Amino acid sequence: MILVKLNLSSLNDDQLKVVTAEKGKHLVLAGAGTGKTRTLTYRTAYLIEKGMSPENMLLLTFTNKAARNMMFQASSLISGNRGRINGGTFHSIANRYLRTHGKLIGLDNNFSIIDSEDQRDLVKATVAETLGKLDHYFPTPRVLIEMFSNSINKNQDLEDVVVQNSPQSFEYMKEIFDVYAAYTKRKWNANCLDYDDLLICWHRLLADFSEESKELFFHEDILVDEFQDTNKIQGEIVDLLANVNGGKLTVVGDDCQSIFAFRGAVYENILEFKDRHEDVKIHYLKRNYRSTSQVLNLANDIIKNNKKQFYKELVPASKSVGPRPRIMPLPNVNAEATWVAKKIAERFQDGFRLSEMAVLYRNHSHSAFLQAELVKRNIPYQIRSGVRFLEQAHIKDVVAHLKILINSKDEIAWTRVIGMCPGIGAVRSRKLIKEILKSKNIADLGQDFGKDLLPEKAYRNWVIFFNEILSLSSLNHQEHSTAKDLIVKIMESSYSDYLQVKYKNASNREDDINQLAQLSDSYKSLKSFISDFVLLGEMFGSDVVAGTDKGERLILSTIHQSKGLEWDMIWIIRACDSSFCGPRTVSNDDIEEERRVFYVAVTRAKRFLTFTYPIIANEWGGANTKFQGSDMNKPCRFLLEGNDSLDKPFRSSFIY
DNA sequence: GGCCGCAAAGTTTTT
DNA sequence: CTTTGCGGCC
Ligand SMILES: Nc1ncnc2c1ncn2[C@@H]1O[C@H](COP(=O)(O)OP(=O)(O)OP(=O)(O)O)[C@@H](O)[C@H]1O
């Protein structure tokens, strides 16, 4: 007999109806801060308490962090330990299922996952080998990858994507097709999946193996958070999953917070959900529990200008009042950073906690001056934008060594590793890899592998280098060796010297690698470490945290990363029109997307909200005279739409 | 072929 | 401020 612990008294009536609704299809369409995530968390707990098996459900979220939070919260709402909730992002769940069921579509379960830099490297090599010397105007690998990814995520023909996004490249259409075909084949042969492939393969399993899916992908209930930011494939995956379990599905979201169109997100997934599915029960949550009415007035004033939306006015749940959001123009970017850092220090002195404060911005580059200022004032902060831990070159070097041990066909990892051997460049590397890929086991190649492929001098370096890889491989085959042992061994090899020579802040990077070794220790095997860790996209490492205080920290984040979070006190910096509606924002849909980004930013604040922007538009600060005084920034157009809700409304004379 | 050094051009937002 | 391209040298 299970003791009922779940306490539903902290939910309002509308929320309670969703939490306790009969199994079936439910859509929760509600504005920011109305408790969508909370409601989904409680519904998870409620269903488990009613007997649903946590391992046999599915909770899909937008970020891994959100998944961890919801799973933790839901588990602590219920009594006892009922098992681990099956939850995560679409990508991490796809990864998990493909490791176990990928055989059906011919996928080996030791596949590598590649990031966009790896994709670029592979496309670059493919272009070089299939097309040879090319036109100066042929699209760069970066652009090609974007075309491929858009075509997949938006479910459009590659040709249409090119016509739409890069019409000037249309003359190369044939070559683009050729590169795409060769690249796809090569990726598959290397047993490598990129982020898009994870979704495609999961989708393929569901669509092409419907009989098997009935068993493999049966979930007692499916819950999806942030549904407005799902793309076409993700939407179809959800449809297929719901077919499998007879339509036990709850999706929640807010079309006005859809801010990932660049990645293929279509808010039509949520707005047209009721048309795609039968017997959908739609729920609305109206009261905002997060913000004061002063903050909500501004949010409402702004979002009502979007034509394409399901209009929902945010109504404050409590009468608590706070100051109106304030706008502070400052002379330039240096003054902006100084002013914000000074205010943060003052508020901290006043007794506000750093963990209740955040600075949000549109682009990572907007944070640079503020970071310098925070370091100067010794204000501890954590930054959630920029290069991810695993994307750093030295970490990728080490991970590449580990990847070849798990997936010996991974030519991307091989290329990275072999590229570190002195005397071996692109041409010799290709020759060696061609042979390596022919053998099943690296050890079969023998200790003198390469002798007949390389000139004398290059071979002298290579033989040492290759034997280090061989001994790494044999360590990996030893019974009790761990990922940590392998990383330690890599650092004892010639890689350590390479690190010193190649990078200037080598000791910081060594610290990062030590941290990687520590982190790997909490995984049960090298394989699970390599497979799961790469999808986390975490932002720790030596550069992320500044300041001496080990405790609370101010958060610096892009607006995109702040989705779903909340703070008492928020500064939105670079709130000028050029940041939000830059030259890339052209169509009306683009502007509406930026307005939603702005709306998300505003609705993160509980009580205190301040906007700043530099009047002189010189991104790089005073030292660079090139642009000095060239342009004056205007305040963001969305702020002007909410002018009446601001503390000191703009007079037109202020606006340049 | 590999590699060093210098000049030039390119930058949203993320799983 | 960092990736990319190219000329010249080993
Ligand atoms: N019934 C309630 N009583 C008290 N507080 C609530 C209630 N519902 C939600 N909240 C609080 O309101 C805040 C916002 O909730 P939540 O994050 O679930 O909203 P959301 O709709 O998911 O927001 P967003 O769309 O911005 O991500 C949280 O601090 C939550 O604890």
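The structure presented is a predicted model; accordingly, all values stated were derived computationally and were not measured. In what follows, every chain begins at residue 1, and chains take the letters A, B, ... in the order their sequences are listed.
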Expressed as a whole number of angstroms, how long is the span from I591(A):CD1 to dT13(B):P?
20 Å

All pairs passing side-chain hydrogen bond (donor to acceptor under 3.5 Å, both in side chains) where residues 57-70 of chain A contributes a residue, at least two apart
R68(A)-E538(A)

Write down the distance between CD (E226(A)) and P (dT14(B)), rounded to a whole number of angstrom.
14 Å

Regarding F262(A), tell me which of base, sugar-phosphate or nothing describes its non-hydrogen contacts under 4.0 Å with the strands shown.
base

Take atom NZ of K563(A) and atom P of dT14(B), then tell me their distance rounded to the nearest Å.
11 Å

dT11(B) C1' sits how many Å from H364(A) NE2, rounded?
11 Å

NA contact type, P422(A), heavy-atom cut-off 4.0 Å: base, sugar-phosphate, or nothing?
sugar-phosphate

OP1 or OP2 of dT12(B) versus the side-chain N and O atoms of R263(A): is any pair under 4.0 Å?
no

Are side-chain N/O atoms of D196(A) and N153(A) paired as donor and acceptor at under 3.5 Å?
yes

Where the side chain of F260(A) is concerned, which of dT12(B), dT14(B), dT15(B) is the nearest nucleotide?
dT14(B)

Does Q561(A) have a side-chain nitrogen or oxygen under 4.0 Å from the phosphate oxygens OP1 or OP2 of dT14(B)?
yes

Between K187(A) and the options D197(A), D118(A), D410(A), the salt bridge (charged side-chain N to carboxylate O under 4.0 Å, His left out) test singles out D197(A)

Taking any heavy-atom pair under 4.0 Å as a contact, classify A458(A): base, sugar-phosphate, or nothing.
nothing

Looking at side-chain heavy atoms only, is the closest gap between I176(A) and F148(A) below 4.5 Å?
yes

Between D255(A) and Q228(A), do the side chains contain a donor N or O and an acceptor N or O under 3.5 Å apart?
no

Please state whether the phosphate of dT13(B), meaning OP1 or OP2, lies under 4.0 angstrom from any side-chain nitrogen or oxygen of R362(A).
no

Rounded to the Å, how far apart are Q119(A) CD and dT15(B) C1'?
11 Å

Rounding to an integer number of Å, can you tell me how far E146(A) CD sits from dT12(B) P?
8 Å

For the pair made of NZ in K502(A) and P in dC4(B), what is the distance, rounded to whole Å?
11 Å

Taking only side-chain nitrogens and oxygens of S92(A), does any of them come within less than 4.0 Å of OP1 or OP2 of dT15(B)?
no

Categorize I424(A) for me: base, sugar-phosphate, or nothing, with a 4.0 angstrom heavy-atom threshold over every strand shown.
sugar-phosphate

R142(A) has its side chain closest, among dT13(B), dT11(B), dT15(B), to dT11(B)

Nucleotide nearest R584(A) when distance is taken to its side chain, options dG2(B), dT12(B), dT13(B)
dT12(B)

Most 5' of T558(A) and C421(A) on DNA chain B, judged by nearest nucleotide:
C421(A)

Atom pair distance, as rounded to whole Å: NZ in K457(A) and C1' in dG2(B)
9 Å

